[in-house]
Protein chains: 2
Amino acid sequence: MQQIQAIKPTGPAKTSAKRDAILEAAVELFLEVGYGAASINTLIAHVGGSKATVYAHFENKERLFEAVVDEVLSEVSTAMSGIDLAGFGLRDGLQYVGEHLLHLVTSKRHIDLARLVIAEAQRFPEIGRIYYDHGPALAYKGLSVFLLEHSNGEGSFRVTDEDTAAAWFASMLIHRSFLERLCIGTEPPSSRQIEVKVEAVVTAFLDMYRLRATMKSEGGYPCD
Amino acid sequence: MQQIQAIKPTGPAKTSAKRDAILEAAVELFLEVGYGAASINTLIAHVGGSKATVYAHFENKERLFEAVVDEVLSEVSTAMSGIDLAGFGLRDGLQYVGEHLLHLVTSKRHIDLARLVIAEAQRFPEIGRIYYDHGPALAYKGLSVFLLEHSNGEGSFRVTDEDTAAAWFASMLIHRSFLERLCIGTEPPSSRQIEVKVEAVVTAFLDMYRLRATMKSEGGYPCD
DNA sequence: AATGTACTGTAACATGCGGTACAGTTCAAC
DNA sequence: GTTGAACTGTACCGCATGTTACAGTACATT
C-alpha cells in the first residue's frame, strides 16, 4: 500500500508543457557546464518547481541527458539536412553548402554539443555514434552525392572517390575553425568571413580536381 | 603551534620519486576517465600510499590536473617538434611530416589528451590555450615554414598564403580520422593505411598548388 | 643514539550529489 | 462538488567527494 509512487510514478511520461520546460532548461545547463557538473538542483533552480517533477518525467539523470542530446542533435541535423542543393551548379552549390556548413559547425549550439559529446563519448558510447552519424557523416554523404552528380558535367571536374573528396572539402573548410573554437574560445566567424573562407576553399578544391581530369588520364587519389 | 602541517605541508614540492609515481598514475587516470570522474581515492588505489602524500605534493586536485596536462602535453609537443624536415624535398618532406602527424594525432595518448582538453577547456581556459599553442599551432607553423621554403623551388609549386596552405594540408590529413576517433572509438590507422592516406593527400595538395602557379598569373586563394 | 623528513593509515569533516517519500496544492473534467 | 492527476516544497537517505588532522612508521643523516 505504501510506496504507491514507486510503482506508478505520479506523472505522465510523454507530452507535457512542464516536461518541455524541464528539457529546455536541461539543454541549456548540460551544454554549458557538461554532464558531471550539471546537478538536478541547479536544474530546478533554473526551471523552477521541484525535483520530484523532474523525476516524474525522466527516470534518471542519464535518461535526461540522453533526451538532451537527442533534442540538440535533432536541431542540428534538421538544419543540416535542410540544405537543399537541387538546381545548383557545381561551384554555386559548393559555395552554398560550404557557407551553411561552416556557419552551422561554428555555431554556439553545435560547439557546445560537440564538446559535450566528445567529453562523454567514452562513458556513453551511443551518443558519440549518434552524433557522428547524424552530424558529420550526414554532411559528408550529402556532399558526396552532390559531387558525384556533378562529376562529369561542368568544367573538367571529375571525381573517382567522392567520399574522400567530400571529406577533404569539409575538412579544409571546417577543421581549423572548429578546433580553435573548441580549444580557445574563438568567436564564430562573421557572415562575411565565412563567405570569403568558403570562396577560397571552393576555388582551391575545384582546381585540385580539375587538374586531375586534365593532366592525368585515369585514376583518382588512392586513399582507403 | 598546532597545525604545523597547515603551514608547512610536511613534504617537498619539487623532485621526488613518489611525486613522479603519483603524477604518472594521475596521468593514466585523468586521461582515462576525465577530470570529474577521477577521484583522489581511485588515484591512491592505483598508486598505493596515502591521500596525505598526494596532498603533500600537490596543493589541489586542480593543480594536480594542471600538472597532468603539462606532462602529457610536453610529451606530445616534444614528439611534434622532434620532426626534422631539413634536407627533405617538397614531396618527400610532406610525406614524411604527414605520416608523423597522422600517427601522432591518432595515437591513444593524443586522443585522450584532446578529449580531456576539449571537455575542460571551458572550466580551465588556460589548458585549452596551452594545448592549442603547443599542439596544432606548432604543427601548422612548422608546416608553414617548410612550405614557404619550397615555394619557388621544385616543380611549379608556389604558395602565397602559406599559413592557410599548411592548415589545409593538415586538415585534409587529420580531420576525419581525428573526429572519428574522438566520437566513435575507431581504431588508429595502421602504418600502411597512414602511408596510403598521406600519399593521396600529398598528391592532391601538390596538384592543387601546382595548378594555381601554372594556370593563373598572380595571387593566391584569398582567405583571411 | 638522536633527529628530522618523507611517507602511511585511518579517521574525520563538511558538502554536495542522485534519488525518494510524503503531505499539500492547483485545477480541469466530470 | 467531488475526483484525480499534475505539480510543488521540504525533508530526508545513503553515499562519494575533496580536504585536513593526527598518530605512527621507515629511514637516511648527523
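A note on names: the letters A, B, ... follow the listed sequences, proteins ahead of strands, and every chain is numbered from 1. All values below were derived from every heavy atom in this structure, side-chain atoms included, with hydrogens, water molecules and symmetry-related copies excluded. All figures in this text were calculated on a predicted structure; none of them were measured in a lab.
Set against C/dC22, C/dC7, D/dC7, the side chain of A/Lys18 has D/dC7 as its closest nucleotide. Comparing atom distances between the A/Ser50 side chain and each of D/dT8, D/dC7, C/dT8 picks out D/dT8 as nearest. Of all nucleotides listed (C/dC7, D/dC7, D/dT19), D/dT19 comes nearest to the side chain of B/Asn60. When distances run from any side-chain atom of A/Thr53 to the nucleotides C/dC22, D/dC7, D/dT19, the shortest one goes to D/dC7.
For B/Glu59 and D/dT19, the CD to C1' distance is 12 Å, given to the nearest whole Å. Rounded to an integer number of Å, the gap from B/Tyr55 OH to D/dT20 P is 7 Å. Taking atom CZ on A/Arg19 and atom P on D/dA6, their separation rounds to 13 Å, with Å as the unit. Rounded to whole Å, the distance from NZ on B/Lys51 to C1' on D/dA21 is 12 Å. At whole-Å resolution of the value, NZ in B/Lys61 and C1' in D/dT20 are 17 Å apart. Atom C1' of nucleotide D/dG18 and atom CZ of B/Phe58 are separated by 16 Å, given to the nearest angstrom.
Look at A/His57 and you won't find any side-chain N or O under 4.0 angstrom from OP1 or OP2 of D/dA6. Residue B/Ser16 has a polar side-chain atom (N or O) positioned under 4.0 Å from OP1 or OP2 of C/dC7.
Under a 3.5 Å cut-off, the side chain of B/His110 and the backbone N or O of B/Val105 do form a donor-acceptor pair. A donor-acceptor pair under 3.5 Å is formed between the side chain of B/Ser81 and the backbone N or O of B/Ser77. A donor-acceptor pair is defined here as one N or O able to donate and one able to accept, closer than 3.5 Å; no such pair exists between the side chain of B/His103 and the backbone of B/Glu99.
Partners of A/Glu24 according to the side chain to side chain contact (heavy atoms under 4.5 Å, CB included) rule, which considers only residues two or more places apart in sequence or in another chain, do not exist here. Not counting sequence neighbours, the partners of B/Glu59 by the salt bridge (charged side-chain N to carboxylate O under 4.0 Å, His left out) test are B/Arg63.
Of the residues in residues 34-48 of chain B, none has a non-hydrogen atom less than 4.0 angstrom from any atom of DNA chain C.
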Could you check B/Glu28 against B/Arg109 for salt bridge (Lys or Arg N to Asp or Glu O under 4.0 Å), going step by step and ending with a plain yes or no?
CA-CA 9 Å; B/Glu28 303 299 326; B/Arg109 260 291 157 104; 2.9 Å; yes
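You'll find the ring centres of A/Tyr35 and A/Phe124 inside the 6.0 Å limit.
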